[in-house]
Amino acid sequence: MFEAMGITGAGTQMIVVFFLLMAVRVPVAFALGLSALYAMWKIGFGLDLAGDLIATGITKFSLLAIPFFILAGTLMGSLGIAERMIRFFRVAVGGLPGGMGMVGTVVCLFWGAVSGSGPASVAAIGPMIIKGMEEDGYDRAFAAGLVVTGAAFSIVIPPSIGLVIYGVIAETSISRLFIAAIIPGIFMALTMLAVLPFARRRNTASSLHALSPAPYADTTRRDALWQSFRDSFWGLMTPVVILGGIYSGIFTPTEAAIVATVYALLVGAFAYRTLNIGVLYDALGTAAASSAVVMLIVAYASLFGWVVTVDDLVGSYSTALLGLSDNGWVILLVIMVILLIAGMFMDPVTVMFIALPIFLPVAREMGWDPVWFGVLVMVNLAIGLITPPVGINLYVAANITKLSIERVAWGTMPFLLASLIGIIVVAMVPQMSLVLVDWLR
Amino acid sequence: MIRFVLRDFEKIICAILFLAMTALGFVNVVVRYGTNYSFAATEELLVNGFLLLTVFGAAIAARRGEHLAVTVVHDLLPRVFWLPILGLSVLLSVALLSMSAWFSWEAMMNIKRVGMQSYGLGLPAWYYQAALPFGFALIALRYLQHAFEVMRAGPDAKADHV
């Protein structure tokens, strides 16, 4: 069939089969596996390696950071750490212009330093922020838009599951990627603040007092600030534990993830006393499932990657890309547009496994720093989490707000525009990513 | 009790594995930090535990319908195509999972035949892979269970991902 259409290479056929399977609703992980097995059968060898390739695709020590960061994030959410953090920021910055919009942005930023996954962040902090923003006069769809955008950037702000996978594919230091992503991650999250003044808000008696959540309602501002800080102290320390450990060189990212998990368990057990067998059992199950959704894609993508290498798809496509122009900026623009479009339809992990083998040689050829390029890829793919038709964050938000995907997508539009301007700045100013890496070297 | 174990089988396995991995990983960090001594044995156990966690976690996700799929094209099609296309996607997915079970069985038998040993503990390496074929079969089973629920609920029920 493909030969009649002029598509002769097994690798190219594999890519066509992959998209066809996705169109008929085959889950992405399975579509990767099926199309790769098809190509192996077509090439005539490799099928006997499939079992090994699946196993070795997963059994890498650096990838171990993924289940543990997911578990730590899940625990932080279910042990009441997120709730306390939101209460503190409500008191601390709720009185500033933008009110709960400001609180939502800051919480998303902070949560990004705890959680490494976008959709999980929406689920953990979304309901509380959206409710608070509605009480403060914001439209629900707009509030959902803020949360999905802020949560998307938690895959840029370290710890980041996406950067772990980029580090494995690009054979680049994950610690350096984490450090490089800090400033661009914070910058992207702050672009959301530019949208707030344009938001239409119902008139509410939005005084600080009205915004002060229940336990601190009758106290003075100073007392409320101190009490809420004390209550949320252990949660606020999480980024210090995770990032401090990595930056000081004490932990590898995988070890930091394990330590963060134990830290969450200890805080739940001794500081907040919210940990019990039921909560633990559910968190373990949920985290195992979320981690497996990512890792099954990784497993089948390793079959896909094997075909890409054997069939020399990389060579032909990256040469074509390099032939587009002599100007590095033009090539970078093309790469970013491809990533944005791919991100509209696929999750970040899948896009990376398909596109990076082609883009990385191009980046090397152009002399781009792989760490800077990784941060840029991650910002692109974070935006993909909030673009319709397939933005995973939008689905999660639609689910928790009971709004249609379309309404959430409309609410997200202003933030999407701000992010697109933000990503141009991140691309034009590589120092933003590299200054900390150079400084800490 | 038996019903709970049957229904929650993969969740129980994941919970035990995950907790054990956390404990082992943490001990390793403490020992390494305290004594500058790290053992390859824990790395081997962690990484292979991770493999099992992925397969059994994927079964939990399959039962809950969490494996990411693109539904846009499917949603745009006329209603008559809803069931046939869903059926096709389930069939293809189950075929892949069955093949994966078969391939991992072959891989395990191969390792056993050659007598390969693990790098850290020197155990027969096939021990670690023995549960994989079973795990893939379980994902297929859970995926089918979920697919039947979606099909029974019909095209109007809200189901984002199968």
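Every chain is numbered from 1 and lettered A, B, ... according to where its sequence line falls, protein lines coming before strand lines.
Residues B/R79 and B/P155 share a closest heavy-atom pair of NH2-CG, 3.6 Å. The shortest non-hydrogen separation linking A/P119 to A/N393 is N-OD1, 3.2 Å. Residues A/A31 and A/M22 share a closest heavy-atom pair of CB-CG, 4.0 Å.
When the shell of 6.0 Å around CD1 of A/I277 is examined, it contains 12 or fewer heavy atoms from other residues, nucleotides or ligands. Annotation for B/W82: atom CH2 counts as buried by contact number, over 12 foreign heavy atoms lying within 6.0 Å.
Most heavy-atom pairs under 4.5 Å with chain A: of the set B/L46, B/L132, B/L88, B/I139, this distinction falls to B/L46. Counting heavy-atom pairs closer than 4.5 Å to chain B, the top residue among A/D52, A/V262, A/V28 is A/V262. Taking B/C14, B/G57, B/A101, B/G25 one by one and counting their heavy-atom pairs under 4.5 Å with chain A, the maximum is reached by B/G57. Contact tally against chain B (heavy-atom pairs below 4.5 Å) for A/A50, A/P388, A/A292: the top residue is A/A292. Among A/G33, A/P389, A/P67, A/A55, the residue with the largest count of heavy-atom pairs under 4.5 Å with chain B is A/P67. Heavy-atom pairs under 4.5 Å with chain A peak, among B/H74, B/E106, B/M99, at B/H74. In terms of non-hydrogen atom pairs under 4.5 Å with chain A, the most contact-rich of B/S93, B/A62, B/A58 is B/S93. Highest contact tally toward chain A, considering only B/I111, B/T54, B/I85, is held by B/T54 [criterion: heavy-atom pairs under 4.5 Å]. Annotation: maximal heavy-atom pairing with chain A below 4.5 Å, among B/L92, B/I13, B/L53, occurs at B/L92.
A/A287 touches chain B through backbone and side chain together, each having a heavy atom under 4.5 Å away. Of the atoms belonging to B/E10, not a single heavy atom falls under 4.5 Å from chain A. Heavy atoms closer than 4.5 Å to chain B are found in both the backbone and the side chain of A/T59. For B/M108, no part sits under 4.5 Å from any heavy atom of chain A, backbone or side chain. Contacts of A/L37 with chain B are made by side-chain atoms alone, with heavy-atom separations under 4.5 Å and no backbone atom involved. Only the side chain of A/L280 comes within contact range of chain B, judged by heavy atoms closer than 4.5 Å. For B/L77, no part lies near chain A; criterion is any non-hydrogen pair under 4.5 Å. With a 4.5 Å cut-off on non-hydrogen atoms, A/T350 does not touch chain B at all. In this structure, chain B has heavy atoms under 4.5 Å from both the backbone and the side chain of A/D282. Both the backbone and the side chain of A/I250 come within less than 4.5 Å of a heavy atom in chain B. Residue A/L47 touches chain B through both its backbone and its side chain, counting heavy-atom pairs closer than 4.5 Å. Both the backbone and the side chain of B/D8 have a heavy atom closer than 4.5 Å to some heavy atom of chain A.
Ring geometry for A/F304 against A/F18 counts as perpendicular: the plane angle is over 60°, on a 0 to 90° scale with 30° as the lower cut.
Taking the ring centroids of A/F30 and B/Y143, they lie under the 6.0 Å cut-off. Ring centroids of A/W306 and A/F353 are separated by 6.0 Å or more, keeping the two rings apart. When ring centroids are compared, B/F103 and B/F136 stay outside the 6.0 Å threshold.
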B/F50 vs A/M295, test: side-chain contact (heavy atoms from CB on, under 4.5 Å). Steps then yes/no. CA-CA 10 Å; B/F50 183 31; A/M295 290 311 301; 3.5 Å; yes
Hey, mind stepping through A/L64 and B/M21 against side-chain contact (heavy atoms from CB on, under 4.5 Å) and telling me if it holds? CA-CA 10 Å; A/L64 254 179; B/M21 285 167 64; 3.8 Å; yes
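Between the side chains of B/S100 and A/Y300, at least one donor N or O lies within less than 3.5 Å of an accepting N or O.
Look at B/E149 and B/R63 and you find a salt bridge, because one of the NZ, NE, NH1 or NH2 atoms lies within 4.0 Å of a carboxylate O, short of that distance.
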